[in-house]
Enquirer: 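Here's a structure for you.
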Number of protein chains: 2
Amino acid sequence: MDVMTDSQPKLEPAQLGAYFALMEVAGLLRHGVEAQLRDAGDLSYVQFQLLARLGLDSPTGSHRMTDLADGVVYSRSGLTYQASLLEQAGLVERGPAPDDERSVMVTITDAGRERLAQVLPGHVEVLREMFLKPLSGADVTALAALLRPVRDHMRSSPPRSAKPRPRKGTASSR
Amino acid sequence: MDVMTDSQPKLEPAQLGAYFALMEVAGLLRHGVEAQLRDAGDLSYVQFQLLARLGLDSPTGSHRMTDLADGVVYSRSGLTYQASLLEQAGLVERGPAPDDERSVMVTITDAGRERLAQVLPGHVEVLREMFLKPLSGADVTALAALLRPVRDHMRSSPPRSAKPRPRKGTASSR
DNA sequence: TAGCACTGCTTCAGATTCGAAGCAACTCCC
DNA sequence: GGGAGTTGCTTCGAATCTGAAGCAGTGCTA
């Protein structure tokens, strides 16, 4: 529009509106879902996401830790923590990966599937009530179509779970 | 299979897609923004949101605690915590409200405005880079238009910050 | 005006989160 | 095959978030 389109510090109202609405919707939705999950099955949102990813997404019911972390956004250490909790609760099992000794395969157990089935209907209900209610079928499709490219873009540009690790040898040599 | 359309526990793929994409985009975006804010001005996301709300949204630069909490989604106690931190840092001031002795008015200070101005350009930059880049102008408008009604719906249905407080008198007696 | 329920905020203990550091397995290149 | 660098996960300490409980001011009613 004007001289420089590159770094002007202001955003269009629509851009700001989209940003704030997005963050607020996600926050409120997460809050609502979290409460339901706690009531229905004593699961945190993260734990539910992990179970869902294992139980619904994966044919084998297994995933590597890193793959799970990438999907759920959380830090590696946070994932380790939650995976431990799930394992203690008997909802998942952790074992070595067949082809890479470093990796840990997380597998959902029958109890895990059961728990998942137990909370899913209520989860969907909350989703419908809070999120989907004010949207038409076309709206939902449009929304998904708009967000998907953004997600893909975000996934690729910053190495989400692999930060440039500081060189081991602190020496600046070479 | 689907005798009843009301409570069937399954969602359309588009619905699930919209849901997951929404949550993941919001999560990744928040992550990115958080890192930038920390680097540029040593602010957490919440602290930034509070400052932004005070400095940009409000003509007077003041808000009641509760109004802030509603906008930022977080729990009341979390807000108290963050407000304390901001006050310690000299970025806001807390004082009594003129007409209600219970309320606490939070006001942004000059230092707060300065800090806000300091991080804003970078913040916008991250937003553009992560969030707005894959979207056309029309896309952004459409996205905002789709999310706004959802946000309004969520804001109204559950009294977000006013939970039905358990009666003081535990006695169930009449 | 006294009594009583309600609202606004804070305090508190516990749970969850993160980044940095560390250990072990893998890969590449000579 | 040996060594260096890389990757996968865990441990650790510190910061943050949350819900429940508590204190104080307000408004309504008799």
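From a predicted model like this one, the values you see are computed outputs, not experimental measurements. The chains referred to below are lettered A, B, ... by the order of the sequence lines, with proteins before strands, and numbering in each begins at 1.
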Enquirer: Donor-acceptor pair under 3.5 Å: do we get one between A/S103's side chain and the base of D/dG8?
Expert: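 For A/S103, whose side chain was compared with the base of D/dG8, there is no donor-acceptor pair (under 3.5 Å).
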Enquirer: Within the modelled atom types, does a donor on one side and an acceptor on the other bring the side chain of A/R102 and the base of D/dT7 under 3.5 Å apart?
Expert: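 In this structure, the two groups form a donor-acceptor pair.
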Enquirer: Nearest whole angstrom, please: distance from the P of D/dT10 to the CG of A/L68.
Expert: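 Atom-to-atom, A/L68 to D/dT10, this comes out as 11 Å.
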Enquirer: Donor-acceptor check, side chain of B/D139 to backbone of B/S136, threshold 3.5 angstrom: yes or no?
Expert: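 Yes: the side chain of B/D139 pairs with the backbone of B/S136.
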Enquirer: Send over the distance from A/Y81 OH to D/dC17 C1', rounded to a whole Å.
Expert: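 Roughly 12 Å, once rounded to whole Å.
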Enquirer: How many Å lie between CE on A/M65 and P on D/dT7, as a whole number?
Expert: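 Value for this atom pair: 18 Å.
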Enquirer: B/R76 CZ to D/dT16 C1': how many Å, rounded?
Expert: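 Taking atom C1' of D/dT16 as the reference, CZ of B/R76 is at 19 Å.
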Enquirer: For the residue pair B/L37 and B/S44, what are the closest heavy atoms and their distance?
Expert: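 Heavy atoms only, the tightest pair is CD1-O, 4.1 Å.
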Enquirer: Roughly, in whole Å, what's the span from CG in A/L79 to P in C/dC18?
Expert: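 Whole-Å distance recorded here is 10 Å.
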Enquirer: Given atom NE2 of A/H63 and atom P of D/dG8, what is their separation to the nearest angstrom?
Expert: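 In whole Å, D/dG8 P lies 15 Å from A/H63 NE2.
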Enquirer: Is B/Q82 near enough to D/dC17 that one of its side-chain N or O atoms lies under 4.0 angstrom from OP1 or OP2?
Expert: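 Yes, because at least one side-chain N or O of B/Q82 sits under 4.0 Å from OP1 or OP2 of D/dC17.
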Enquirer: In terms of side-chain heavy atoms of B/E101, which of C/dC18, C/dT17, D/dG25 is nearest?
Expert: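 Among C/dC18, C/dT17, D/dG25, the one nearest the side chain of B/E101 is D/dG25.
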Enquirer: Please confirm whether any donor atom in the side chain of B/T66 sits under 3.5 Å from an acceptor in the base of C/dG8, or the reverse.
Expert: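 For B/T66, whose side chain was compared with the base of C/dG8, there is no donor-acceptor pair (under 3.5 Å).
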